[in-house]
Every structure is written in C-alpha cells, then in structure tokens.
Amino acid sequence: MQDPNEDTEWNEILRDFGILPPKEEPKDEVEEMVLRLQKEAMVKPYEKMTLAELKEAEDEFDDEDMRAIEIYREKRLQEWKVLKKKQKFGELREISGNQYVNEVTNAEKDVWVIIHLYRSSIPMCLLVNQHLSLLARKFPETKFVKAIVNSCIEHYHDNCLPTIFVYKNGQIEGKFIGIIECGGINLKLKELEWKLAEVGAIQTDLEENPKKAIVDVMVSSIRNTSIYDTDSSNSDNEDTK
C-alpha cells in the first residue's frame, strides 16, 4: 500500500482534489525545545522564589520589577496567612483545668473548640481520644483539646463520661454527655465525625449519617417481626374458632 505522506506526483494530485489529507510536516524537535525555553523565559524569576529569596534578590531587579514583586509578595503573604490559619491547630492537645477559660471559653473569635472531659480509667474515654486525635489532623481549622475531668469539675460522675462540649465564641453549641450520647461503646470514627459536623464544628465530606444503614436494618427487622407476630396471632385466633 502506498504511503500517503510519500512525496509522489500522484499523491500531490490526490491532495489537490482533497482525496488525501495535507501532508504531515515532521516535527522539528529543536524548534519545539526553543519554543519551550522561550515560554519558560517569559516567567519572571521572582515568580519561582520564596518570600525569603525575594528579600535577598531585591537589588537585582529594576523599578518595574520591584512594583510587580511587591504585588506578588503581598499575594504570597496572603496565601501564607490563609494557609497558616487553616493549619492553626491540627492536633488533640491536653490542657489543665486552669487553662479551660483561656483555651476554650475565651478562644479566638469564630474558632470552633471541641473539648473532651475524660478519665483514663474509662475505656470509652480512651476510644473517644483516639478518634478526636485523628479528626484533629483531618480538620486543623478546628481546635481540639482534652482535659482530665477532675482538673475541671470536682465530683463529676463517671456515668457522665465521656463528655464532649463544642464551643464557639464562648458559647456551648453542642454537647454529648455519657456513653449513649457520644455514640455507644462501639463508636466508629465516622460516626463521631458526623456528630461533630451536625453541630457545625467541622465541615465533613460525609454525605449521610454512617449509622443510618444500621438504623434502617433495625427498623426493618422490627417491622418484619411485628408483621410476623401479627400474622401468627391472627392464625392462632382463626384456629380457635
């Protein structure tokens, strides 16, 4: 079969009549490399620099560059501030009772604070601490702290543990007191994440309550049992007639 890109008189005739497509021009690798280098050269060197490098290289730029650098530096600075704000916390910190007011009640404006009051002798408290530690890393814009309950509240009953309070601007926006309210002894990480998201403390990517499927199965089972009991009762009544 004849190569359509071959330089022959017959192929030229076919191209003139539109039967063959235009001949593919071989790519010039040198030309492509030159174009790429030109494109890279159009990028100002300061656009690849850190803020510290910009400071050191100020003497190397003219007035026009300096004006552009100031704009670029301000942009980078704002991006850095936003990033630092988002990554302000990122861990579950231990606090004492005398730090409660400063760390929780008087925390920074508009910052969500989640505090877990616990006792290390209670297994459920240890489980909640494990989950909160993971959530603190996942949601660094939210402040996660824990405190041994005795250091904050004297004579607090074990039946009320674990206790989770959710604060914002000095106000309690949510609370989970005791094993049941916290999710039960088999509490899963995603279940606790959903609970905290429901009160607004974190912005979860979960689309529905992880416990919904379990609840649906339980409700379905109860309904089926009720229907079976009703049918059995009716059958027994009919047999006695």
Side-chain angles (χ1 to χ4, degrees), residues 51 76-212 214-215:
L51 293 176
R76 290 291 300 273
L77 187 59
Q78 292 304 318
E79 290 173 350
W80 179 80
K81 286 181 178 179
V82 169
L83 183 62
K84 290 297 288 183
K85 185 176 181 180
K86 286 184 177 180
Q87 297 180 342
K88 191 169 188 178
F89 306 108
E91 64 177 345
L92 176 63
R93 291 193 302 108
E94 181 89 34
I95 65 170
S96 59
N98 58 14
Q99 294 175 296
Y100 196 108
V101 173
N102 286 335
E103 294 283 352
V104 181
T105 311
N106 294 340
E108 298 91 327
K109 187 176 183 295
D110 294 332
V111 169
W112 287 92
V113 183
I114 296 168
I115 180 166
H116 175 213
L117 301 180
Y118 75 100
R119 212 185 303 277
S120 57
S121 59
I122 298 177
M124 178 68 180
C125 288
L126 299 180
L127 177 63
V128 169
N129 276 339
Q130 289 178 4
H131 289 341
L132 290 178
S133 182
L134 293 173
L135 292 174
R137 291 200 289 270
K138 184 176 180 180
F139 302 99
E141 68 279 4
T142 297
K143 188 175 186 178
F144 287 79
V145 294
K146 61 180 179 178
I148 295 175
V149 67
N150 290 350
S151 70
C152 301
I153 308 172
E154 292 185 3
H155 311 301
Y156 199 70
H157 204 287
D158 283 0
N159 289 342
C160 296
L161 296 175
T163 291
I164 300 174
F165 290 132
V166 181
Y167 280 79
K168 185 178 182 183
N169 295 327
Q171 302 296 318
I172 294 180
E173 300 294 337
K175 55 185 177 180
F176 307 97
I177 299 174
I179 292 176
I180 301 301
E181 287 192 15
C182 285
I185 57 174
N186 296 316
L187 175 69
K188 301 292 188 296
L189 176 63
K190 288 185 177 180
E191 293 169 1
L192 182 55
E193 179 177 336
W194 183 265
K195 282 179 173 292
L196 297 176
E198 281 191 310
V199 298
I202 56 178
Q203 298 296 319
T204 182
D205 54 2
L206 298 175
E207 296 182 356
E208 64 176 15
N209 188 345
K211 264 195 170 180
K212 182 178 182 297
I214 299 175
V215 172

Determine whether the side chains of Tyr100 and Ser151 contain a donor N or O and an acceptor N or O closer than 3.5 Å.
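Short answer, no.
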Nearest 0.5 Å, please: how far is [atom2] in [Y] from [atom1] in [X]?
X	Y	atom1	atom2	value
Glu94	Tyr118	CD	OH	3.5 Å
Leu126	Arg119	CG	CZ	12.0 Å
Trp112	Glu173	CH2	CD	5.0 Å
Cys182	Met124	SG	CE	5.5 Å

Assess whether side chain to side chain contact (heavy atoms under 4.5 Å, CB included) is satisfied between Phe139 and Leu196, documenting all intermediate values.
CA-CA 11 Å; Phe139 302 99; Leu196 297 176; over 6 Å; no
Might you work through the salt bridge (charged side-chain N to carboxylate O under 4.0 Å, His left out) test for Glu103 and Lys143, ending with a clear yes or no?
CA-CA 9 Å; Glu103 294 283 352; Lys143 188 175 186 178; 2.8 Å; yes
As a quick check of understanding, evaluate side chain to side chain contact (heavy atoms under 4.5 Å, CB included) for Val111 and Phe89, giving each step before the final call.
CA-CA 11 Å; Val111 169; Phe89 306 108; 3.8 Å; yes
Evaluate side chain to side chain contact (heavy atoms under 4.5 Å, CB included) for Phe165 paired with Leu117, printing each intermediate quantity in order.
CA-CA 8 Å; Phe165 290 132; Leu117 301 180; 3.8 Å; yes
How far apart are the closest heavy atoms of [X] and [Y], and which atoms are they?
X	Y	result
Pro162	Ile179	CD-CG1, 4.0 Å
Glu193	Ile202	O-CD1, 3.4 Å
Lys195	Phe176	O-CZ, 3.8 Å
Ile172	Lys175	CG2-CB, 4.5 Å
Ala201	Thr142	O-OG1, 2.8 Å
Ile177	Cys160	CG2-O, 3.6 Å

According to salt bridge (Lys or Arg N to Asp or Glu O under 4.0 Å), who are the partners of Lys190, at least two apart in sequence or on a separate chain?
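Expected list: none.
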Is there a side chain to side chain contact (heavy atoms under 4.5 Å, CB included) between Val166 and Val113 once you walk through the steps?
CA-CA 6 Å; Val166 181; Val113 183; over 6 Å; no
Under the criterion side chain to side chain contact (heavy atoms under 4.5 Å, CB included), which of Ile115, Ile164, Asn129 is the partner of Lys146?
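For Lys146, the side chain to side chain contact (heavy atoms under 4.5 Å, CB included) test succeeds with only one of Ile115, Ile164, Asn129, which is Asn129.
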Identify, with sequence neighbours excluded, every residue that meets side chain to side chain contact (heavy atoms under 4.5 Å, CB included) alongside Gln130.
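With sequence neighbours excluded, Gln130 shows a side chain to side chain contact (heavy atoms under 4.5 Å, CB included) to Leu127, given in chain and number order.
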Report yes or no: does [X] contribute a side-chain atom to a donor-acceptor pair with the main-chain N or O of [Y] at less than 3.5 Å?
X	Y	result
Lys211	Gly183	yes
Asn169	Asp110	yes
Glu191	Lys188	yes

